[in-house]
Colleague: 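Below you'll find the structure I mean.
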Amino acid sequence: MVTIYDVPAEDLIEEAAARLEDRIDEPDWIDFTKASSTNDLPPEQEDFWHVRAASLLRKVAKNEPIGVERLATAYGGKSKGSNRYIVRPGSHEGGSRNIIRTALQQLEDEGLVSTAQGEGRRITDDGKAFLDEVAEDVIDELDRPELERYA
């Protein structure tokens, strides 16, 4: 049986995002919001929302239980320091918690993620089955000899 650990993350996320397009809707405000305070502009990807939701689903499956704060840290980046002379070194800034929270709520409505009171989010049995099914399809499509032992 193929799991999320047996396939490359980028291929798994890409395929899961394609399947999530039918299940979750992109909010209207996503065209105007930044993905992190370190970014200057909103994301330019056409399918940013579905890719982020698929990535969140994978992170929850790997690191459960995990909360919004830890996810924001994972999706953040390094700020550039002071604006004028860049004399102060950069520091880490978190990602957008609103994007993360809204995507997790949509995944929760679909039954792929559940809330563990006081601990964060956990993946449900349906979510695990969804990711395993995606991983199995991804491993069949890949043409990489080193991964054939998992097929």
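One-based numbering along the sequence shown.
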Colleague: Tell me the side chain to side chain donor-acceptor pair (under 3.5 Å) pairs involving residues 48-63, sequence neighbours left out?
Modeller: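 Qualifying pairs, neighbours excluded: Trp49-Gln106, Ser55-Tyr75.
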Colleague: For Glu46, look at atom CD and say whether over 12 heavy atoms of other residues, nucleotides or ligands are found less than 6.0 Å away.
Modeller: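 It does not: Glu46 CD has 12 such atoms or fewer within range.
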Colleague: Shared ILVMFWY cluster between Val113 and Val51, side chains joined below 4.5 angstrom?
Modeller: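 Shared cluster, no.
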Colleague: Got a second to check how far Ile13's CD1 is from Leu20's CG, nearest 0.5 Å?
Modeller: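 Reported value, rounded in 0.5 Å steps: 11.0 Å.
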Colleague: Could you tell me whether the side chain of Glu15 and the main chain of Val134 form a donor-acceptor pair under 3.5 Å?
Modeller: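 It does not hold such a pair.
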Colleague: Over all heavy atoms of both residues, which pair between Ala54 and Ala17 is shortest? Give the atoms and the distance, please.
Modeller: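 Looking at all heavy atoms of both residues, the shortest contact is CB-N, 3.6 Å.
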Colleague: Can you see which heavy atom on Thr3 is nearest to which on Asp132, and at what distance?
Modeller: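 Heavy atoms only, the tightest pair is CA-OD1, 3.7 Å.
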Colleague: Can you tell me how far apart OG1 (Thr33) and CG (Asp28) are? Round to the nearest 0.5 Å.
Modeller: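 Answer for the OG1-CG pair, Thr33 versus Asp28, is 13.0 Å.
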Colleague: Looking only at heavy atoms, which two atoms of Pro27 and Thr102 are closest? And how far apart?
Modeller: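 Minimum heavy-atom separation between Pro27 and Thr102: CG-CG2, 4.5 Å.
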Colleague: Quick one: CG on Leu107 to CD1 on Ile123, what's the gap to the nearest 0.5 Å?
Modeller: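 So the CG of Leu107 and the CD1 of Ile123 are separated by 9.0 Å.
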Colleague: Do side-chain atoms of Thr124 reach the backbone of Gly111 as a donor and acceptor pair under 3.5 angstrom?
Modeller: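 Checked: pair present.
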Colleague: Tell me if a side-chain donor or acceptor on Asp140 pairs with a main-chain N or O of Asp137 at a distance below 3.5 Å.
Modeller: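 It does not hold such a pair.
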Colleague: Might you point out which heavy atoms bring Arg97 and Ala72 nearest each other, and give the distance in Å?
Modeller: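 Closest approach of Arg97 to Ala72: CG-CB, 3.8 Å.
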Colleague: With sequence neighbours excluded, tell me which residues meet salt bridge (Lys or Arg N to Asp or Glu O under 4.0 Å) with Glu108.
Modeller: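 Glu108 satisfies salt bridge (Lys or Arg N to Asp or Glu O under 4.0 Å) with Arg121 only.
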Colleague: If you count the non-hydrogen atoms of other residues, nucleotides and ligands that lie under 6.0 Å from CD in Glu110, is the total more than 12?
Modeller: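 Yes - once you tally the heavy atoms of other residues, nucleotides and ligands closer than 6.0 Å, there are more than 12.
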Colleague: Kindly compute the distance separating CD1 (Ile30) from CD1 (Ile99), expressed to the nearest 0.5 Å.
Modeller: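 Reported value, rounded in 0.5 Å steps: 4.0 Å.
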Colleague: Atom CD in Gln105, atom CD1 in Ile24: separation rounded to 0.5 Å?
Modeller: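 It is 12.0 Å, given to the nearest 0.5 Å.
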Colleague: From Ile66 CD1 over to Arg122 CZ, what is the distance, rounded to the nearest 0.5 angstrom?
Modeller: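 It comes to 12.0 Å.
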Colleague: Is Ile4 linked to Leu104 within one hydrophobic cluster, defined over Ile, Leu, Val, Met, Phe, Trp and Tyr using a side-chain heavy-atom separation of less than 4.5 Å?
Modeller: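 As far as the 4.5 Å side-chain criterion goes, Leu104 and Ile4 are connected within one cluster.
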